[in-house]
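As structure tokens, the structure follows; a few thoughts come after it.
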Amino acid sequence: MKKELIIIALAAAATLASCSGVKNCVPPQLDLPEALAGNSTDSVTAADIAWWELYTDPALATIIRETLAHNRDFLAAAARVEEMRQLYGITASNYFPTLSGMAAADNETNDYYGKKSTSDQEYDLKATLAWEVDLWGGLKWARRKGAAEFRASVEQQRAMQITLIAEAASSYFELLAMDNQLQIARRTLFTREENLKKAKLRFEGGLTNETVYRQAQVEYATTAAAIPELVSRIEARKNAISLLMGRYPEQEIARGTLSVNDTLANTLPVGLPSTLLKRRPDLMAAEAKLQSALAQCGVAYADRFPRLRLSLTGGLENDELKGFFRSPFSYIIGSITGTIFDFGRNKRRHRAAIAAYDQARLGYEQAVLTAFHEVDNALTSLRLQEQTCQRRRELLDAAQQYAVLAYRQYNAGAINYIDVLDAQRRYYEAQVGLSNAICNRHLAVVTLYRVLGGGLADK
């Protein structure tokens, strides 16, 4: 089924590459599996969930809203859209005639040998109406190219929105995981400090040997050394979130806590969407770029032929201002302009445009293949991360019971204190492991939501 869907994607690229009217531009032909593109049983609704419904944490929702409102890259993308909108307006206006005016005064001195110097004055007030006849479709292709570039800029902005939402959510969950790990480390450090004091008293009292005391020191120092590194990573992650939000690093990031009992992943429907080509704005942008490259082929092909431009000029001119309005004149000019011999420049420009189109087509096909692989990988990762969380919970329960039993057996004299330290170390690692597994599951949800094209709706 996945293979057939990929074939559909490639066929969509081939269909888009229809090059009617453009010489030597022949798209590849692919056989489509019947009715697969509209398979109603193959759908994913996760991308239809609004981002504020998926990310229900109020602090995360605030971060995402501020990111979309103040992120400089996103604002620049919006400015890019406006730029392409105006450039498309310029291209579309080439269909209409232009009206230009001229007002001039000329004073020419004639000084010939043997004759008296004379002054020849002339005053002009003229207007010209010009219009280019689109004989070969060059203006039409140019308009299509401008429209495709405008659509590409819009889709690129939408793709950036999805990326920013995913980056904000990922950074937020990583920050919560680091906070959780720091709390675990501090609780463990307090426990190991108490153990170190007891081990020191037992060693100084001659109840245990020095090895036990030194092992307790090692465990305490190991945990203590991990705390500054965690604090540094937390500050770096907070600054990364501040940068996304367009804030300065001095401001604090409000946040919640990472719950080990959260079941967010279970709320997402799974499956491979047959409508992925219409959901992903990056694929839509690649498609628009392909259309732009196709239109450029048409422009380059039309440039190989002469152009017909009609102009109508009317106005007034006289050699004296007092009789200026007594000498109206008008004339119409029709001209065909074109290069007679250019050593194959225009032909090579057309071939270069076709080569650029082929690059865009292959890039689009590769983007489609990559998108389907990303979805498949995200689904696999989410499923496996859920299994990992379950195993980590089981490991945490076992490690906790092991630590309690080890301490009881040590007090009863059945085992050595080193065994207690080992049990406590395993319990600490199990707590950190579950916290990281919960974070990775959240990240898997974020990745799946992103690759499905979710997060476009705004509130």
Side-chain angles (χ1 to χ4, degrees), residues 16-23 25 72-104 126-161 281-315 332-339 342 345-357 359-361 363-364:
L16 174 66
S18 176
C19 305
S20 57
V22 182
K23 188 177 181 181
C25 185
R72 300 304 190 271
D73 292 333
F74 191 60
L75 296 177
R80 171 67 175 171
V81 171
E82 182 59 26
E83 176 191 5
M84 299 310 299
R85 185 199 308 274
Q86 299 303 327
L87 291 177
Y88 170 58
I90 294 174
T91 304
S93 66
N94 290 335
Y95 272 97
F96 303 101
T98 59
L99 179 64
S100 59
M102 182 190 71
K126 303 175 182 177
T128 301
L129 181 67
W131 178 59
E132 181 176 348
V133 181
D134 192 18
L135 289 178
W136 320 111
L139 296 180
K140 178 187 69 175
W141 284 111
R143 184 175 182 178
R144 290 182 180 179
K145 182 175 184 294
E149 291 176 345
F150 169 63
R151 288 196 302 273
S153 68
V154 173
E155 296 301 334
Q156 286 171 344
Q157 184 194 20
R158 287 156 55 88
M160 179 174 289
Q161 176 177 330
D282 58 333
L283 298 184
M284 299 294 289
E287 178 182 334
K289 291 179 180 179
L290 179 57
Q291 292 174 338
S292 174
L294 174 61
Q296 181 59 38
C297 292
V299 172
Y301 186 71
D303 285 343
R304 298 178 61 181
F305 302 97
R307 296 184 177 183
L308 175 61
R309 186 174 182 84
L310 303 178
S311 62
L312 175 65
T313 301
I332 185 171
I333 298 177
S335 61
I336 298 179
T337 59
T339 304
D342 64 354
R345 291 187 181 90
N346 289 336
K347 185 177 181 180
R348 292 182 181 275
R349 290 190 184 99
H350 179 226
R351 290 179 177 177
I354 293 176
Y357 161 78
Q359 296 176 51
R361 175 179 57 82
Y364 175 70

Only distances under 3.5 Å count here; give the side-chain donor-acceptor pairs of residues 86-93 to other protein atoms, sequence neighbours excluded, each with its distance to 0.1 Å.
{"unit_1": "Gln86", "atom_1": "NE2", "unit_2": "Glu82", "atom_2": "OE2", "d": "2.6"}
{"unit_1": "Thr91", "atom_1": "OG1", "unit_2": "Leu87", "atom_2": "O", "d": "3.1"}
{"unit_1": "Ser93", "atom_1": "OG", "unit_2": "Gly89", "atom_2": "O", "d": "3.4"}
{"unit_1": "Ser93", "atom_1": "OG", "unit_2": "Ile90", "atom_2": "O", "d": "2.6"}

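Going from atom CG of Leu139 over to atom CZ of Phe96 covers 11.5 Å, rounded to the nearest 0.5 Å. With rounding to the nearest 0.5 angstrom, the CD atom of Gln359 is 10.5 Å from the CZ atom of Arg361. Distance check, rounded to the nearest 0.5 Å: NE2 of His350 to CG of Asp303 gives 10.0 Å. Distance OG1/Thr128 to CE/Met102: 7.5 Å, rounded to 0.5 Å. The distance from the OG atom of Ser153 to the CZ atom of Arg80 is 6.5 Å, given to the nearest 0.5 Å.
The minimum heavy-atom distance between Gln161 and Phe74, with the atom names listed, is CB-CE1, 3.6 Å. When all heavy atoms are compared, the tightest approach of Leu290 to Tyr357 is CD1-CE1, 3.4 Å. Smallest separation of non-hydrogen atoms from Ala356 and Ala293: O-CB, 4.3 Å. Scanning all heavy atoms of the two residues, the minimum distance from Ala302 to Gly137 falls at CB-C, 4.4 Å. Taking both residues in full, the closest heavy atoms of Ala300 and Ala353 are given as CB-CB, 4.0 Å, listed atom of the first, atom of the second, then distance. When all heavy atoms of Pro97 and Leu129 are compared, the closest pair comes out as CB-CD1, 3.9 Å.
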Hey, mind stepping through Glu132 and Arg307 against side-chain contact (heavy atoms from CB on, under 4.5 Å) and telling me if it holds? CA-CA 8 Å; Glu132 181 176 348; Arg307 296 184 177 183; 3.3 Å; yes
Apply side-chain contact (heavy atoms from CB on, under 4.5 Å) to Arg304 and Lys347, showing your working. CA-CA 7 Å; Arg304 298 178 61 181; Lys347 185 177 181 180; 3.8 Å; yes
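No side-chain donor-acceptor contact under 3.5 Å links Trp136 to the backbone of Val299. Remark: the backbone N or O of Ala77 is not paired with any side-chain donor or acceptor of Asp73 at under 3.5 angstrom. Checking side-chain atoms of Asp134 against main-chain N and O of Lys140 turns up a donor-acceptor pair under 3.5 Å.
Residue Glu155 forms a side chain to side chain contact (heavy atoms under 4.5 Å, CB included) with just one option from Glu287, Met284, Lys289, Met160, and that option is Met284.
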